[in-house]
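Notes for the one structure printed next.
Source: prediction; values computed, not measured.
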Amino acid sequence: MAQPVDFCVFSVLVTGSDRGIGLGLVKRFLELPSPPKWVFATTMDLEAEETKELREMVCRYPNLVVLQLDVTKPESIQAAQKEVEKCVGEGGLTLLYNNAGIWIFNDLQTENAKDMMRVYSVNTIGPLLMSQAFLPLLKKAARRSPCQGLSTSKAAIINMSSIGGSIELMSYFDQYQVIGYRCSKAAVNMLTKCQSLVYSADGIMSITMHPGVVNTTQKPNPGISVEESTQGIMAVLSKLCEEDNGTFVDYLGHRLPW
């Protein structure tokens, strides 16, 4: 799939971007024909081995900034927000991509409060806290944009969800119950819908995205590649318009049932 050539954003922040889909998205933004002036990638540990590729990319891309961020800790979020604000200034943050997520393979018998709260803290509460903290910068981007209506080139929040969070579909339930994960993604879908009803007044689009069933390992597992997923996501992001606000879409642009 060719890269979209008409997708232009001033700045983008992708959480959980030291590996997998998050890292893939950062690469896709940096490879755009007209890349953002600022691409912010985040990791929980700047010195970790899995952050090595990101650190090396900084040398090649002067518009890439790598930030330490734990989406479950308000003080970490505020520190990252201040660093982003120093860079973007009055230009604001065009695109907030809440990608960070975890899962624990518990079924109905083994699910427990500790694991479920941990998954919720990252997958659901994290996007809420991030959106609240970065809302002023998203508003700045929306106000300064010449774009009419809502679009990802103006200002947008993209919350990473999963087809596993669709109550109507209940996909792959026989194989993976992952109760806490499913519940957290259904909850982030509701969060996104609420954001779409409130933040649209400030010119900010909110959608939730299913990246496909992605093989993020080097093993021959079923699923699409990170590259296929992230190229699809970029193509979808470039085409989103006002009527897509508050919807649940996949990496091919199909709308999914809640």
I'd like to know if the side chain of [X] and the backbone of [Y] have a donor-acceptor N/O pair within less than 3.5 Å.
X	Y	result
S196	S206	no
K154	P146	no
T124	S184	yes
T43	D18	no
T208	N159	yes
T247	V249	no
T94	S11	yes
N98	G126	no
E227	G24	no
T51	E47	no

Within-4.5 Å side-chain heavy-atom neighbours: [X] and [Y]:
X	Y	value
F40	C87	yes
M205	S200	no
Q195	I157	yes
D70	E75	no
I104	V178	no
V236	M209	yes
Y97	I158	yes
I224	Y251	yes

Rounded to the nearest 0.5 Å, how far apart are [atom1] of [X] and [atom2] of [Y]?
X	Y	atom1	atom2	result
S151	L95	OG	CG	10.0 Å
I77	M130	CD1	CE	6.0 Å
L108	T110	CG	OG1	8.5 Å
W258	S166	CH2	OG	9.5 Å
N106	I179	CG	CD1	8.5 Å
L30	M57	CG	CE	5.0 Å

If the condition is salt bridge (charged side-chain N to carboxylate O under 4.0 Å, His left out), which residues does [X] pass it with, not counting sequence neighbours?
X	value
E90	K140
D250	none
K114	none

For K82, the side-chain hydrogen bond (donor to acceptor under 3.5 Å, both in side chains) test, sequence neighbours excluded, returns none

By side-chain hydrogen bond (donor to acceptor under 3.5 Å, both in side chains), Q81 pairs with (sequence neighbours left out) none

Exceeds 12 heavy-atom contacts within 6.0 angstrom, atom [atom1] of [X]:
X	atom1	result
Y172	OH	no
L169	CG	yes
Q175	CD	yes
M190	CE	no

| message | Which label fits W103 and F105: parallel for a plane angle under 30°, tilted from 30 to 60°, or perpendicular past 60°? | response | perpendicular

Could you check whether the rings of F7 and F29 sit parallel, tilted or perpendicular, using 30° and 60° as the cut-offs? tilted

In short, side chain to side chain donor-acceptor pair (under 3.5 Å) pairs touching residues 52-62 with sequence neighbours left out are K27-E53

If you compare all heavy atoms of [X] against all heavy atoms of [Y], which two are closest, and at what distance to 0.1 Å?
X	Y	answer
L32	P35	O-CD, 3.1 Å
A80	L67	O-CD1, 4.1 Å
Y181	S162	OH-CB, 3.3 Å
L129	P74	CD1-CG, 4.4 Å
G203	A142	O-CB, 3.8 Å
S153	V9	CA-CG1, 4.1 Å

The remaining residues in the hydrophobic cluster of M116, counting side-chain heavy-atom contacts under 4.5 Å among Ile, Leu, Val, Met, Phe, Trp and Tyr, are Y120

Members sharing L191's hydrophobic cluster, built from side-chain contacts under 4.5 Å between Ile, Leu, Val, Met, Phe, Trp and Tyr, are L128, V188

Query raised in the report: Does the pair L137 and E85 meet the rule for a side-chain contact (heavy atoms from CB on, under 4.5 Å), with working shown?
Result: CA-CA 7 Å; L137 294 181; E85 188 170 27; 3.9 Å; yes

Any donor-acceptor pair under 3.5 Å linking the side-chain atoms of [Y] with those of [X]?
X	Y	answer
Q177	D107	no
S161	N189	yes
Q68	T42	no

side-chain contact (heavy atoms from CB on, under 4.5 Å) filter on K139, not counting sequence neighbours, yields L135, R143, D202, I204

The side-chain contact (heavy atoms from CB on, under 4.5 Å) partners of V58 (sequence neighbours excluded) come to L64, V66

Applying a strict under-4.5 Å side-chain criterion to I, L, V, M, F, W and Y, I'd like to know whether [X] and [Y] cluster together.
X	Y	answer
V198	L93	yes
V12	I233	yes
V71	L138	yes
M170	L256	no
V14	W38	no

Practice task
Under the side-chain contact (heavy atoms from CB on, under 4.5 Å) rule, what do F248 and I207 come out as? Steps first, then yes or no, please.
Solution key: CA-CA 6 Å; F248 183 15; I207 71 155; over 6 Å; no

Residues 235-249 vs salt bridge (charged side-chain N to carboxylate O under 4.0 Å, His left out), sequence neighbours excluded, gives D244-R255

Residues pairing under salt bridge (charged side-chain N to carboxylate O under 4.0 Å, His left out) where one sits in residues 165-190, two or more places apart or in two chains, turn out to be none

